[in-house]
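Have a look at the structure below before the remarks.
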Amino acid sequence: EKECLELTCPFCRHPVPTSNEEAENNKMKRVEVNDPVALRQMGCIHSVAGDSNKALEYLSKAAGLGDADGHHCLSTMYLNGEGVKKDKKKGAYHAEEAAIKGHPTARFNLGCIEWNNGTIERNIGMLERAATHFIISANLGHGEAMKMVKTCYSKGLVSKEDFAKTLRAHQAAVDAARSSQREAAAEAKRLGLSFSHMHSMPS
């Protein structure tokens with residue numbers, strides 16, 4: 001069966017729901033009762049449509065209700081000046097909020113912020129904090145973070161023991177994610193759906 005092409009949010013890369021009228025109505029009901037996931041999805045839809053003001057409105061509401069992806073999307077917007085005035089302070093704040101809630105990419109981005117600042121200022125403390133962020137992100141399965149952990153190890157910012165532990169944790173997280181994807185694909189096949197279609201349906 002041919003896989004469906006997904007429309008994804010340019011910030012969090014999650015699929016943007018593009019389903020039938022009934023599902024759309026259900027999603028709007030969730031928005032009306034301030035469901036954070038539905039609010040974030042609406043933010044992504046407006047972002048894809050080029051309506052930055054509406055995207056910011058919905059993503060801010062989602063983040064205010066504690067949605068980690070909402071914080072991550074806002075962080076990306078502010079750090080890159082995508083649809084809003086570039087604001088590194090706000091970008092870092094939302095990245096921190098998302099990272100605290102376990103968002104691996106937000107944690108990686110925090111590491112990049114510290115790494116860049118530490119490199120420019122030749123500040124070893126910043127570089128060490130960056131290494132810590134990269135380790136946490138890599139432990140959650142983030143591939144680019146694992147590459148940066150290797151870089152930190154080569155520069156003596158990460159011990160051999162911590163590097164080995166991170167490698168094991170990273171591989172375990174990647175294996176767990178693959179297993180989850182296989183289970184989801186098997187369930188989709190059982191229901192007669194494509195895997196990507198299933199992921200584009202609202203929860």
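Taking both residues in full, the closest heavy atoms of G111 and A130 are given as O-CB, 3.3 Å, listed atom of the first, atom of the second, then distance. Contact detail for A95 and L110: the closest heavy-atom pair is CB-CD2, 3.8 Å. When all heavy atoms of A62 and P36 are compared, the closest pair comes out as CB-O, 3.4 Å. Looking at every heavy atom in both residues, N34 comes nearest to L65 through O-CD1, 3.1 Å. Across I100 and R107, no two heavy atoms sit closer than the pair N-NH2, 4.1 Å.
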Under 3.5 Å, which donor-acceptor pairs do the side chains of residues 145-156 form with other protein atoms, sequence neighbours left out?
residue, atom, partner, partner atom, Å
K147, NZ, E144, OE2, 3.2
T151, OG1, K147, O, 3.3
S154, OG, T151, O, 2.6

Query - Evaluation steps, side-chain contact (heavy atoms from CB on, under 4.5 Å), between I113 and L79 - result: CA-CA 10 Å; I113 292 171; L79 289 174; 4.2 Å; yes
**Report entry** Stepwise side-chain contact (heavy atoms from CB on, under 4.5 Å) test for K29 and V33
**Finding:** CA-CA 7 Å; K29 289 178 182 178; V33 297; over 6 Å; no
Query raised in the report: So C44 and Y58, side-chain contact (heavy atoms from CB on, under 4.5 Å) or not? Walk me through it.
Result: CA-CA 9 Å; C44 290; Y58 282 109; over 6 Å; no
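Counting only heavy atoms from C-beta outward, the side chains of M42 and K61 never approach each other to under 4.5 Å. With a 4.5 Å cut-off on side-chain heavy atoms, H72 and N109 count as touching. Side-chain atoms of V37 and R40, non-hydrogen and from C-beta on, do get closer than 4.5 Å to each other. Contact annotation: the side chain of L74 never approaches that of K90 to less than 4.5 Å [non-hydrogen atoms, C-beta and beyond]. Annotation: side chain of L157 is in contact with side chain of I124 (closest heavy-atom distance under 4.5 Å). In this structure, Y78 and L56 have side chains that are in contact, with non-hydrogen atoms separated by less than 4.5 Å. At least one side-chain heavy atom of N139 sits less than 4.5 Å from a side-chain heavy atom of T166.
A distance-only check finds a donor-acceptor pair linking the side chain of H170 to the backbone of A138 [under 3.5 Å]. A donor-acceptor contact shorter than 3.5 Å is absent between the side chain of D162 and the backbone of V158. Remark: side-chain polar atoms of S47 are not paired, donor with acceptor, to backbone N or O of A55 under 3.5 angstrom. Between the side chain of T119 and the backbone N or O of W115, at least one donor-acceptor pair lies under 3.5 Å. No donor-acceptor distance shorter than 3.5 angstrom exists from the side chain of N80 to the backbone of E82, with no hydrogens or angles considered.
Checking H103 against D69 by side-chain atom types alone, a donor-acceptor pair falls below 3.5 Å.
In this structure, NZ on K85 lies 15.0 Å from CE on M77, to the nearest 0.5 angstrom. Atoms CD and CG, from E121 and N116 in turn, are 11.0 Å apart once rounded to the nearest 0.5 Å. M126 CE to E128 CD: the interatomic distance, rounded to the nearest 0.5 Å, is 12.0 Å. The structure places CZ of R30 at 4.5 Å from CG of D35, a figure rounded to the nearest 0.5 Å. The line from CZ of R129 to OG1 of T132 is 9.0 Å long, rounded to the nearest 0.5 Å.
Linking Ile, Leu, Val, Met, Phe, Trp and Tyr residues whenever their side-chain heavy atoms come within less than 4.5 Å leaves F134 and L140 in two separate clusters. Hydrophobic clustering, with ILVMFWY side chains joined whenever heavy atoms are under 4.5 angstrom apart, keeps F163 apart from I136.
Salt bridge status for E57 with K54: present, with a side-chain N to carboxylate O gap under 4.0 Å.
Between H133 and F108, the distance separating the two ring centers is not shorter than 6.0 angstrom.
Listed by chain and number, the residues in a ring-ring contact (aromatic ring centres under 6.0 Å, His included) with H71 are H94 (sequence neighbours excluded).
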